[in-house]
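These numbers come from a predicted model, not from an experiment.
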Amino acid sequence: MSEIEQKKYFDASVLKRVFQFVKPYRGQFIVSIILAIVLSFFTPVRPFLIQLTVDKATGKAVHTPWVIQFLFPHTQLSDAWQFVIAVTIFQVVFIFIETAARFYFSFITSWMGQSVVRDMRTAVYKKILSLNLKQFDTTPIGTLTTRTINDIESINDIFSDGLIPIFADLLSIIIVLVTMFVTDWRLTLIALIPFPFLILATYYFKESVNKSFIQVRNAVAALNAFVQERITGMQIVQAFAAEDRELENFKKINRHHRSSNIHAIFAYSIFFPIVEIVLAVSTGLLVWWLASKAASNPIANKDLAGELVAFILYLNQIFRPLRVIADKFNVIQMGVIAADRVFKVLDNPDTLPPSSLKDHAPEKRLRGKVEFDKVWFAYNEENYVLKDISFIVKPGETVAIVGHTGSGKTSIISLLNRLYQIKRGAIKLDDVEIEKYNIDTLRKNIAVVLQDVFLFSGSILDNITLHNNEIKKEAVIEAAKLIDVHDFIMQLPGNYDYNVMERGNTLSLGQRQLISFIRAILSNPAVLILDEATSSIDSESELLIQHAIDTLITGRTAIVIAHRLSTIRKADKIIVLDKGEIKETGTHEELLALNGFYAKLHSMQFEKKKTAII
């Protein structure tokens, strides 16, 4: 489903799932609800006290609240001046208490939101780590980045600016309205005459901003995916002089993002003035009604000043949350939409089954026998890239797999360490199907050295150990010396602490390859897989790498994939693939003697070399 097709209406089931992450913080959640209730009852207190103060100052008989009498037992509260002083002192203290309560309410809701965000982000990243490799073939990296960062951050707003604050605001409005009706129900009804217009404006504002926010979220995801891909492939963009075209594509996506934001800004620009107009009309009706009342009977209605001031303050306390309550509903809705996207990642079923105690996990290093038994595999349901593949690699044997590009060589090694799941047949390691192995045990016994070595930004040591604290630096140095790589590392600034930068760009391809060999030898695997390890290396680096390979494959099973047939002559067995099928099997000499598919490949490479020399 595309981003724009995402459902936009409030989904209570998604919100319920979000609150599953609140369970560890139910104590803080309960405290925030209690504070919301307390603060709502605090809301009408100050206008009420101001009304009392004004009424007392104008000579009207007022009933002194019991709290004032209790706190000021020795004050002559019948005296207007002393009454005003006492109430003013109480209000100052009350403001400090209310401010402290509001601060803690705001802090605890934000703290709870950030805690939920942390837990959800960890859960999403853990899920991403468990996804089958197929998901990364079909899902843009920028999209997963948006889910992990932007969308989860929006979920924080459900707590800090959404659900609980809305509950507090709505409760405050109800308490204020009840206070107004108790004080003067006729005056309250007069003041609320313009409210239907405000409710209508709020509805249209909410719908307009909601549509705009969905478009903004979609545009952000598109921007993230676009920028991520272009920065990663910047070498291609610049090599083919595509900068201007890519800039125009970026401007198009960026314009859509800008337009979506402007639509939201336009809605805000209309809604807030409407709120101010409705408040002004309500205040005008309030003043008109009380003024008419006083004019019709000046003597009986001479003490309406306190009521007028209090009702103006009450109206402001109603309109202040109403200004933002529609926006907060949108915050909740966008948080729910973001959560729905996040849960789609968490609910993705295309994952490796988790390892359990029942899984096969021998403590000893495996012997390294590999068997493919009538294996069929397809990246999608229709086009099989491996068809009825069967072969056996004995422990300690070196087997080479050759074939044209797209023949299925890399797919075989991807299946062996369960990066993908086979469709039919069985793959066995030491006569045990690989699905029965503990996944960690399986992969610790299989080391893979790829053609395109990926290094993370950081030191050489961290890239070799992958932050495994159980691997000591001394062991790394010993492994490097074993394959004659130590001297090269020591020549770098900072030697083993040298920062290789993103993707290892400060090292040559050959140097990155050598570091990957150290990774492999440290894991002491039973099976070593070399995927085109020397295909793009210069002759000088190839000699060093060939020595490293000879060291690595000694005493262990090795599966070698190579375009250069000269590098696999020593293999115990060569498997020739074409279009996902095994065409020939044998040693280098046996296959040449057959004068078949392998001999043709060998002849083509030999002719290319002769042509290159000429």
- Message: Whether R424 engages the ring of Y384 as a cation-pi pair (distance to the six-membered ring centre under 6.0 angstrom, angle to the ring normal within 45°) should be assessed.
- Response: yes
For [X], which residues count as a side-chain hydrogen bond (donor to acceptor under 3.5 Å, both in side chains) partner, sequence neighbours excluded?
X    : result
D244 : none
N445 : none
R118 : Y25

Sub-4.5 Å side-chain heavy-atom contact between [X] and [Y]:
X    : Y    : result
R443 : V448 : no
V527 : L366 : no
V449 : F517 : yes
E435 : I427 : no
N438 : K444 : no
D462 : F456 : no
L346 : V124 : yes
N463 : I460 : no

- Task: Could you walk me through whether R519 and I471 pass the side-chain contact (heavy atoms from CB on, under 4.5 Å) test, one step at a time?
- Result: CA-CA 11 Å; R519 279 182 190 169; I471 302 176; over 6 Å; no
Shortest non-hydrogen separation from [X] to [Y] and the atoms involved:
X    : Y    : value
K23  : Q20  : NZ-OE1, 3.1 Å
A520 : P525 : O-CD, 3.2 Å
K436 : V432 : CB-CG1, 4.1 Å
I152 : R121 : CD1-CA, 3.5 Å
F250 : L223 : CE1-CD2, 3.6 Å
L591 : G586 : CD1-O, 3.7 Å

Please report the interatomic distance [atom1]([X]) to [atom2]([Y]), rounded to the nearest 0.5 Å.
X    : Y    : atom1 : atom2 : value
L429 : L416 : CG    : CG    : 6.5 Å
F343 : I155 : CZ    : CD1   : 6.0 Å
F391 : I559 : CZ    : CD1   : 5.5 Å
I582 : F597 : CD1   : CZ    : 13.0 Å
I477 : K481 : CD1   : NZ    : 6.5 Å
L528 : R556 : CG    : CZ    : 6.5 Å

Short side-chain to backbone donor-acceptor contact, [X] and [Y], under 3.5 Å:
X    : Y    : result
N156 : V117 : no
N499 : S459 : no
E246 : R230 : no
S390 : K374 : yes
D572 : T398 : yes
K583 : G596 : no
T557 : G396 : yes
E433 : A426 : no
K409 : H404 : yes

Heavy-atom count around [X] [atom1] within 6.0 Å, excluding the residue itself: above 12?
X    : atom1 : result
K423 : NZ    : yes
K127 : NZ    : yes
F19  : CZ    : yes

- Task: Begin with the C-alpha distance, continue with both residues' side-chain angles, and end with the deciding distance and a verdict on side-chain contact (heavy atoms from CB on, under 4.5 Å) for I389 and L577.
- Result: CA-CA 9 Å; I389 298 295; L577 284 181; 3.9 Å; yes
- Chi angles and distances behind the side-chain contact (heavy atoms from CB on, under 4.5 Å) call for Y496, H486: CA-CA 9 Å; Y496 285 89; H486 176 70; 2.8 Å; yes
- Message: Run the side-chain contact (heavy atoms from CB on, under 4.5 Å) test on I446 and I413 for me, step by step, so that the C-alpha distance in whole Å, both residues' side-chain angles and the decisive distance to 0.1 Å come before the verdict.
- Response: CA-CA 10 Å; I446 301 173; I413 64 171; over 6 Å; no
- Does the pair K428/D373 count as a salt bridge with the N-to-O cut at 4.0 Å?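 A salt bridge is absent here (no side-chain N lies under 4.0 Å from a carboxylate O).
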- Salt bridge or not for D347 and R17, using N-O below 4.0 Å?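 Looking at R17 together with D347, the answer is yes, because their closest N to O distance falls below 4.0 Å.
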- Query: Can you tell which of L386, I422, D388 makes a side chain to side chain contact (heavy atoms under 4.5 Å, CB included) with W376?
  - Reply: D388
